[in-house]
Amino acid sequence: GSPMKLSLAAEEVATFYAKMLDHEYTTKDVFRQNFFHDWKKEMNEQEKKIITDLDKCDFTQMHQYFTEKAEAKKALPKEEKQKLKVEQDEIAEIYGYCVMDGHREKIANFKIEPPGLFRGRGDHPKMGKLKKRIMPEDVIINCSRDSNIPEPPKNHHWKEIRFDNKVTWLASWTENVQGLLKYIMLNPSSKLKGEKDWQKYEIARRLKDKIDAIRSQYHRDWKSREMKTRQRAVALYFIDKLALRAGNEKEEGETADTVGCCSLRVEHIKLNENDNGQQCVVEFDFLGKDSIRYYNKVPVEKQVFKNLKLFMENKDPTDDLFDRLNTSDLNKHLQELMEGLTAKVFRTYNASITLQEQLAELTDPEESIAEKILSYNRANRAVAILCNHQRTPPKTYEKSMKNIQAKIEAKKEQLAVAKKDLKNAKVDHKVKKDEKSKQMVEKKKKLLQRMEEQLMKLEVQATDREENKQIALGTSKLNYLDPRITVAWCKKWHVPIEKIYNKTQREKFAWAIDMTDENFEF
DNA sequence: TGAAGAGACTCAGAAAGGTAAGC
DNA sequence: CGCTTACCTTTCTGAGTCTCTTC
């Protein structure tokens, strides 16, 4: 119960924990154990002897120190904040760009990752472990021979300087928690990334011409004499129909237990012969990428259902559903069906084609711009649902929903008053028949019209927000939807592109905005 | 020859940061 | 008109996919 002065190294690691005291992570056993284990490694002999139990450590004083510091920064006068901003901008101006093929290009992540505690997603066995500080001696620089090779900080040297023009990264280092490589790469707005993005969508468009043949083939393969072929055909069906990820196998115990299509286990699906009147329903329930839950009930073809039963026969819940299949087999097969085809292309293809179809279906030429944007968001949402892109509802969701409902009510009342006013003005004009009263009628008419527009906007906003509660639109917009579909739609319906893409998105999709006219078809 | 591991790239949601609407 | 608050944008870095290399 007495305060203790820590050595520099132990103190720094302790502050990493103290800063996170409000976070749920610090309540998790695994996080606490991993942290304590790594923290001890930073302690000197004396500290190790005294600090033996994390439960008995009180970090509140440290925590308070950082809270106060953050508040102080927030309370800084405007000019001071401005000054800090300018300093940050200057740093970005110097280090945030590189020159590639004679063009000055923005770098995505030019700052090295600072030390801290590893935060995995879901039940990650390594959460809480110490992520160590990266030194110049850990960093590999990749540039061209004749360029200005960046100088390491004084009295330091780089791990290596190489001149590899077969890769796109500018610098890399190996991270200590999982032993993985990390890279400094270009911003999505760069020519290099833009071209790659374009290529990705072109491959997906090629799939459009092949998809019917591929679908017929996997239908046929459901009846194949070979088990492996049947499994591959059912897996491919899931990937195509449900936009599941490929599902590479991962090392057990090193990461959170998540799966994709090929790594599905028997315990992840349930077969219902009859579910509320629907035949052959498969119930999926598993954790996918980032430990996001995938839950879906899907009616499937009889042959698929039969196959699944067969695949599950005599197996434990923890056995692989597709025990004869892995992603490498699957992708080899796909490569034979179409050059460049891999499992993930199906996600891109189905996402983009869905957007295009939904836009065609939902866009009403008569509607206002605001309503068209709502239609766009709905189409976008259909894709996000397909790809299972979720978000935790914002903490302020309930409150903000109530707010907007209140606003709608208020606007309705205002509208009623405005209607009355208009009526009165009309009556008044009928009696007086003068210019002044006529003008008043016009004025009231305009007011009423404006209010009706405002009300409609609010209602559109409310609907949009409600439907969006748990769905994240950003990921599909940024990574799965061919931007040319969006650009063409905007041009066709005279919706300003800024209403759909913000500044960053316009920069990323500059290639599509440049090359697309309203007739583009995916 | 195929499994394991390394490497390089895309995709992912949370959190921090910034901004504009509303009080 | 200044301040707060809610929302949108940007940053961050972890988590996948898929290919290449090695034994």
Side-chain angles (χ1 to χ4, degrees), chain A residues 20 22-25 70 73-74 78 81 84-85 88 92 96 108-114 116 118-122 124 126-127 131 140 142 164 166-169 172 174-175 177-188 192-193 196-197 199-200 239 245-251 254-256 258-263 287-292 326-332 334-335 340-348 351 384 387-392 394-397 399-401 403-404 407 461 465 468 470-480 501-505 507-508:
Chain A
M20 291 178 72
D22 288 335
H23 204 287
E24 202 198 334
Y25 274 118
K73 197 180 166 193
K74 223 172 148 188
K78 235 192 205 161
K81 277 187 186 166
L84 287 171
K85 175 92 177 15
Q88 285 305 306
N109 56 330
F110 67 89
K111 291 176 183 166
I112 208 101
E113 292 174 19
F118 178 81
R119 304 149 91 116
R121 305 282 183 101
H124 196 116
K126 300 199 173 177
M127 64 165 79
K131 211 172 88 163
I140 304 172
N142 188 40
D164 184 352
K166 297 284 179 286
V167 296
T168 70
W169 53 268
S172 73
T174 303
E175 155 270 350
V177 175
Q178 313 203 80
L180 299 173
L181 278 157
K182 295 253 182 177
Y183 303 94
I184 303 284
M185 287 186 186
L186 294 185
N187 188 272
L192 185 88
K193 294 284 186 188
K196 277 245 172 185
D197 208 33
Q199 272 176 22
K200 175 179 81 182
I239 283 169
R245 295 185 185 83
N248 286 307
E249 51 265 73
K250 14 194 245 173
E251 217 175 324
E254 295 291 303
T255 57
T258 65
V259 297
C261 186
C262 294
S263 51
L287 296 182
K289 181 175 179 179
D290 286 315
S291 291
I292 299 292
N326 61 41
T327 53
S328 153
D329 294 331
L330 178 66
N331 280 334
K332 255 182 218 150
L334 293 175
Q335 196 62 237
L341 186 61
T342 60
K344 79 196 271 286
V345 178
F346 284 85
R347 254 168 100 79
T348 310
C387 294
N388 199 40
H389 290 141
Q390 297 189 24
R391 61 166 184 172
T392 43
K395 281 192 181 110
T396 52
Y397 176 80
K399 206 171 126 197
S400 78
M401 220 47 212
N403 274 344
I404 200 162
K407 269 190 218 164
Q461 208 186 347
R465 192 172 303 173
N468 243 6
Q470 236 183 333
I471 298 169
L473 300 183
T475 303
S476 52
K477 201 176 194 176
L478 230 49
N479 301 302
Y480 287 102
Y501 288 148
N502 66 31
K503 187 168 145 280
T504 325
Q505 292 162 343
E507 279 167 12
K508 166 164 178 169

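In the text below, chain A, chain B and the rest are named by the order of the sequence lines, each starting its count at 1.
No contact: A:E175 has no heavy atom under 4.0 Å from any strand. When heavy atoms are screened at a 4.0 angstrom cut-off, A:K85 is found touching the sugar-phosphate backbone but no base atom. A:K131 comes within 4.0 angstrom of sugar-phosphate atoms only, judged by non-hydrogen atoms across all strands, and of no base. A:P114 comes within 4.0 angstrom of the backbone, heavy atoms only, and of no base.
A search for side chain to side chain donor-acceptor pair (under 3.5 Å) contacts involving A:S172 returns nothing, not counting sequence neighbours. With sequence neighbours excluded, no residue satisfies side chain to side chain donor-acceptor pair (under 3.5 Å) with A:N142. For A:K508, there are no side chain to side chain donor-acceptor pair (under 3.5 Å) partners two or more places apart in sequence or in a different chain. The side chain to side chain donor-acceptor pair (under 3.5 Å) check on A:N479 picks up nothing, with sequence neighbours excluded.
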Quick one: what's the B/S/- string for nucleotides 16-23 of chain C, heavy-atom cutoff under 4.0 Å, read 5' to 3'? SBBS----
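Using a 4.5 Å heavy-atom cutoff, the side chains of A:L478 and A:Q505 are in contact. Between A:R119 and A:M20 there is a side-chain heavy-atom pair separated by less than 4.5 Å. At least one side-chain heavy atom of A:I292 sits less than 4.5 Å from a side-chain heavy atom of A:N388.
A:Y501 places its OH atom 16 Å from the C1' atom of C:dT9, with the value rounded to the nearest Å. As rounded to whole Å, 11 Å separates atom P of B:dG2 from atom CG of A:N326. A straight line from CD of A:E251 to P of C:dA15 spans 14 Å, rounded to a whole angstrom. Distance, A:L478 CG to B:dT10 P: 12 Å, rounded to whole Å. Atom NE2 of A:H389 is separated from atom P of B:dT10 by 16 Å (rounded to the nearest Å). A straight line from CG of A:L181 to P of C:dT13 spans 17 Å, rounded to a whole angstrom. Atom C1' of nucleotide C:dG14 and atom CD of A:Q178 are separated by 8 Å, given to the nearest angstrom. Rounded to an integer number of Å, the gap from CG of A:D164 to C1' of B:dG7 is 11 Å.
Side-chain N/O atoms of A:N502 include one lying less than 4.0 angstrom from OP1 or OP2 on C:dT9. For A:Q505 and C:dT9, the shortest distance from a side-chain N or O to OP1 or OP2 is not below 4.0 Å. In this structure, A:S172 does not reach the B:dA8 phosphate: none of its side-chain N or O atoms is under 4.0 Å from OP1 or OP2. For B:dT10, the OP1/OP2 oxygens have a side-chain nitrogen or oxygen of A:K193 closer than 4.0 Å.
Comparing atom distances between the A:Y480 side chain and each of C:dT13, B:dA12, B:dG13 picks out B:dA12 as nearest.
Mapped onto DNA chain C by nearest heavy atom, A:E113 and A:K503 fall at different nucleotides, with A:K503 at the one closer to the 5' end. A residue-by-residue look at A:Y183 and A:N479 shows that A:Y183 has its nearest nucleotide of DNA chain B further toward the 5' end. Along DNA chain B, the nucleotide nearest A:T174 and the nucleotide nearest A:D197 are compared for position; the residue whose nucleotide lies closer to the 5' end is A:T174.
Salt bridge present: A:D197 and A:K200 bring a charged side-chain N and a carboxylate O closer than 4.0 Å.
Taking the six-membered ring where the residue is Trp, A:Y183 and A:W169 present tilted rings, their angle falling between 30° and 60°.
The environment of A:K73 atom NZ is sparse: at most 12 non-hydrogen atoms of other residues, nucleotides or ligands sit within 6.0 angstrom.
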Dump the pairs, protein N or O against N or O of nucleotides 14-16 of chain B, anything under 3.5 Å, distances to one decimal.
| from | atom 1 | to | atom 2 | distance (Å) |
| --- | --- | --- | --- | --- |
| B:dA14 | OP1 | A:T392 | OG1 | 3.2 |
| B:dA15 | OP1 | A:H23 | NE2 | 2.6 |

